[in-house]
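Only one structure is covered here, and it is reproduced in the block below.
All values below come from the heavy atoms of this structure, side chains included, with hydrogens, waters and symmetry mates left out. As the structure is a prediction and not an experimental result, all values here were calculated from the model.
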Amino acid sequence: VTGVQPCALPIYLARTHLERGAFKVAGSQLKDLSAGTSGVAARANLWLARVYTRSEEKDYTAAAVVLAEATETFAESDVINDLRFDYANALMARAEPDWTTALATFQLVEESGTFGQMAEILNQRAVCLQKLKNYQESLASNEKFLTEDRKSTRLNSSHKPISYAVFCLKKKKNKRN
């Protein structure tokens, strides 16, 4: 593979297995690569957690366990925001979501200012705030999401429910005033 560091090749192979649906093979390979503190290990943990969330029997709790440890171990890694983003999403998707920790984790990513999916961070923060019944901050996060997203891309069809939610929250807010 041209332009890929040789030490990263095993991750690409494991990711190929993951994308082809060979979850056990991918999981085994990524688990072997996830030990240690190298950049390869950081990426292997990220993709190992994704094995748990993409298989037929999704296990967001297992993914959250992998990612919780990885966010501590690889706090200085260049993929720390990816680890945190996936961790927060896994916490939200568990049978018993941890909205508070997910919100705090999204906040860390937002504060870094360097994450490529910042609009999605704002959207997910709004969901956490809504679930925590902090409606005003949820509305503010949604408004910021819509503003940021319009700056970076066209508002696509997946954002229509969010726009409608903001509209409803504003309408509810105006009725109170």
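No side-chain donor-acceptor contact under 3.5 Å links Thr73 to the backbone of Ala70. Remark: side-chain polar atoms of Thr105 are paired, donor with acceptor, to backbone N or O of Thr101 under 3.5 angstrom. Side-chain N or O atoms of Thr71 include one that pairs as donor or acceptor with a backbone N or O of Ala68 at under 3.5 Å.
Note on Trp99 and Ile121: same hydrophobic cluster, where clusters join Ile, Leu, Val, Met, Phe, Trp and Tyr whose side-chain heavy atoms are under 4.5 Å apart, directly or indirectly. Both Val79 and Tyr52 are part of a single hydrophobic cluster, where members link through side-chain heavy atoms under 4.5 Å apart.
Taking both residues in full, the closest heavy atoms of Ala41 and Thr37 are given as CB-N, 4.3 Å, listed atom of the first, atom of the second, then distance. The heavy-atom pair separating Ala63 from Thr53 by the smallest distance is CB-CG2, 3.6 Å.
Across Leu139, Asn142, Leu103, a single residue satisfies side chain to side chain contact (heavy atoms under 4.5 Å, CB included) together with Leu129, and that is Leu103.
Applying the 6.0 Å contact sphere to CD of Glu76 captures no more than 12 heavy atoms from other residues, nucleotides or ligands.
In this structure, the side-chain hydrogen bond (donor to acceptor under 3.5 Å, both in side chains) partners of Asp78, at least two apart in sequence or on a different chain, are Arg43.
For Phe85 and Phe115, the gap between ring centers is short of 6.0 Å.
Annotation: side chain of Leu33 is in contact with side chain of Ile11 (closest heavy-atom distance under 4.5 Å).
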